[in-house]
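To start, the structure under review is shown below, and the notes come after it.
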Amino acid sequence: MSLDPKIAAYLAQGDTGAASDSLAGIRAATEVGLRRLHGAPEPVASVTDYEIAGAAGSPIMLRVYLPVNAPASGARPAIVFAHGGGWCLCSVDLYDNPCRALANATGCMVLSVDYRLAPEHPFPTPLEDVYAALVWTTEHAVILGIDPARIAVGGDSAGANLAAGTALLARDRDGPAITHQLLMYPALDDRLSSASCGEFAEGYSLTLETMRFCWSAYLGDANGADPDYAAPLRAQSLHGLPPATIMVCEFDPLRDEGVAYAQRLRGASVDASCITLEGMIHGCIHMLGLTPAARQLFDAAAAGLRRTA
């Protein structure tokens with residue numbers, strides 16, 4: 001398909017980046033710029049913040065969304081969710097609208113993890129924070145009204161990387177059982193050598209140069225060491241992982257990484273589906289206020305979870 005016309009018009013404005021001379025400036029500009037695309041927030045039944053212990057016991061925040069159509073009682077499915085932003089940008093506050101929409105679309109309680117950002121906290125701290133949130137969620141499932149047999153991990157972009165890495169950690173540490181991986185346009189390979197990385201290197205919001213910066217910030221001193229959990233597409237083995245729904249955007253430099261990961265999962269006897277979000281660019285979880293076509297991401301998330309429920 002062709003690029004969604006509303007997204008094409010947005011890109012034609014030429015002001016989709018977060019130009020600044022400092023990381024603090026880029027972070028601030030990203031929060032403002034993406035929020036403009038959200039549209040009105042969807043109502044949910046409740047939003048509750050918890051302080052939990054992250055990596056090495058350091059406190060982090062977990063924001064919990066109960067969908068508007070949630071039953072009054074009974075154990076509910078849940079998604080431990082990691083936001084995108086190249087491991088160094090974005091926040092739980094910025095992802096308030098997307099998490100509301102995700103909770104309502106899937107009927108799941110969504111637990112949004114305020115993991116610590118690189119480069120101040122490089123690999124493995126963001127990953128360990130998300131894993132700690134999974135462990136905490138499992139341990140507190142009964143109190144939260146969550147069915148411990150229906151806890152998924154999910155995220156978009158760098159957050160999808162952290163969700164996939166968390167699934168690997170849970171497998172290798174005999175950790176909590178995960179029912180599903182919900183990976184939205186995931187960043188999975190620090191080599192950035194796929195065909196789509198070349199085809200969409202510039203002009204589609206996310207650039208190849210930006211991804212190189214983000215990987216460098218995330219890996220820090222581990223850069224070039226090929227850490228198994230940092231780049232899941234390069235993991236030695238994908239056997240024994242939970243079922244996965246992988247969404248890739250048609251016009252995204254990271255598209256081929258998601259396709260390749262689904263193929264590797266299926267080769268490891270993991271139930272994995274790969275869905276192309278037609279006409280979409282990277283970051284479309286933020287674009288419900290820009291184009292109605294962005295709704296397909298949330299519809300695909302709901303369908304993927306139902307497939308293995």
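Just so it is clear, the values below take in all heavy atoms, side chains as well, and ignore hydrogens, waters and symmetry mates.
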Closer than 3.5 angstrom, by distance alone: can the side chain of [X] be matched with the main-chain N or O of [Y] as a donor-acceptor pair?
X: D129; Y: A55; answer: yes
X: N104; Y: V44; answer: no
X: R100; Y: P41; answer: no
X: Q296; Y: E278; answer: yes
X: E51; Y: M61; answer: no
X: R307; Y: A244; answer: yes
X: N161; Y: L188; answer: no
X: T30; Y: I26; answer: yes
X: R171; Y: T166; answer: no

Is the F200 ring parallel, tilted or perpendicular to the Y204 ring (thresholds 30°, 60°)? perpendicular
Could you tell me if the side chain of [Y] sits less than 4.5 Å from the side chain of [X], heavy atoms only?
X: I52; Y: P59; result: no
X: P67; Y: T106; result: no
X: M247; Y: M280; result: no
X: F81; Y: L182; result: no
X: Y115; Y: E128; result: no
X: D93; Y: R63; result: yes
X: I246; Y: I275; result: no
X: T125; Y: R116; result: yes

Inter-residue atom distance [X].[atom1] - [Y].[atom2], 0.5 Å rounding:
X: D256; Y: E199; atom1: CG; atom2: CD; answer: 8.0 Å
X: S269; Y: L238; atom1: OG; atom2: CG; answer: 11.0 Å
X: L89; Y: R27; atom1: CG; atom2: CZ; answer: 6.5 Å
X: L233; Y: Q263; atom1: CG; atom2: CD; answer: 9.5 Å
X: D156; Y: L183; atom1: CG; atom2: CG; answer: 10.5 Å
X: I281; Y: L11; atom1: CD1; atom2: CG; answer: 4.5 Å

Do you know the tightest heavy-atom contact between [X] and [Y]?
X: G85; Y: C90; value: CA-SG, 3.7 Å
X: A78; Y: L111; value: CB-CD1, 3.8 Å
X: A230; Y: W215; value: O-CH2, 3.4 Å
X: P232; Y: Y261; value: O-CE1, 3.5 Å
X: A293; Y: D4; value: CB-OD1, 3.5 Å
X: A170; Y: L134; value: CB-CD2, 4.3 Å

Closer than 4.0 angstrom, basic N to acidic O: yes or no for E42 and R295? yes
Thinking salt bridges, do D271 and R266 make one under a 4.0 Å N-O criterion? no
Which of these, M211, R191, R212, E257, sits in a side chain to side chain contact (heavy atoms under 4.5 Å, CB included) with C197? E257
Just one of L162, L127, L117 clears the side chain to side chain contact (heavy atoms under 4.5 Å, CB included) bar with W87, so which one? L162
Are V110 and V92 connected into the same hydrophobic cluster when the rule is that any two of I, L, V, M, F, W, Y join if their side-chain heavy atoms are below 4.5 Å apart? no
In the single-linkage hydrophobic clustering (I, L, V, M, F, W, Y; side-chain heavy atoms under 4.5 Å), do L297 and L290 co-cluster? yes
Let's go through D96 and Y65 carefully: what are the C-alpha distance in whole Å and the side-chain angles of both, what is the deciding distance for side chain to side chain donor-acceptor pair (under 3.5 Å) to 0.1 Å, and is it a yes or a no? CA-CA 9 Å; D96 182 70; Y65 296 84; 2.7 Å; yes
Using a 6.0 Å cut-off, check whether atom CD of E202 has over 12 heavy atoms from anything other than its own residue. no
So which of Y95, Y185, F298 actually passes ring-ring contact (aromatic ring centres under 6.0 Å, His included) with H286? Y95
For V153 and I79, what are the C-alpha separation, side-chain angles and deciding distance, and is it a side-chain contact (heavy atoms from CB on, under 4.5 Å)? CA-CA 5 Å; V153 293; I79 305 169; over 6 Å; no
The test is side-chain contact (heavy atoms from CB on, under 4.5 Å); show your working for H38 and L94 and say whether it passes. CA-CA 10 Å; H38 282 178; L94 176 60; 3.9 Å; yes
Evaluate side chain to side chain donor-acceptor pair (under 3.5 Å) for S91 paired with E31, printing each intermediate quantity in order. CA-CA 8 Å; S91 66; E31 295 281 320; 3.0 Å; yes
Let me see the working for H282 and S157 under side chain to side chain donor-acceptor pair (under 3.5 Å), right down to the final yes or no. CA-CA 8 Å; H282 195 88; S157 190; 2.7 Å; yes
Could you go through the side-chain contact (heavy atoms from CB on, under 4.5 Å) check for L206 and D252 one step at a time? CA-CA 7 Å; L206 178 66; D252 183 353; 4.0 Å; yes
Determine, stepwise, if the pair H180 / T245 fulfils side chain to side chain donor-acceptor pair (under 3.5 Å). CA-CA 8 Å; H180 202 90; T245 297; 2.7 Å; yes
Working note: V248 + L254, criterion side-chain contact (heavy atoms from CB on, under 4.5 Å); need CA distance, chi angles, decisive distance, verdict. CA-CA 8 Å; V248 297; L254 304 188; over 6 Å; no
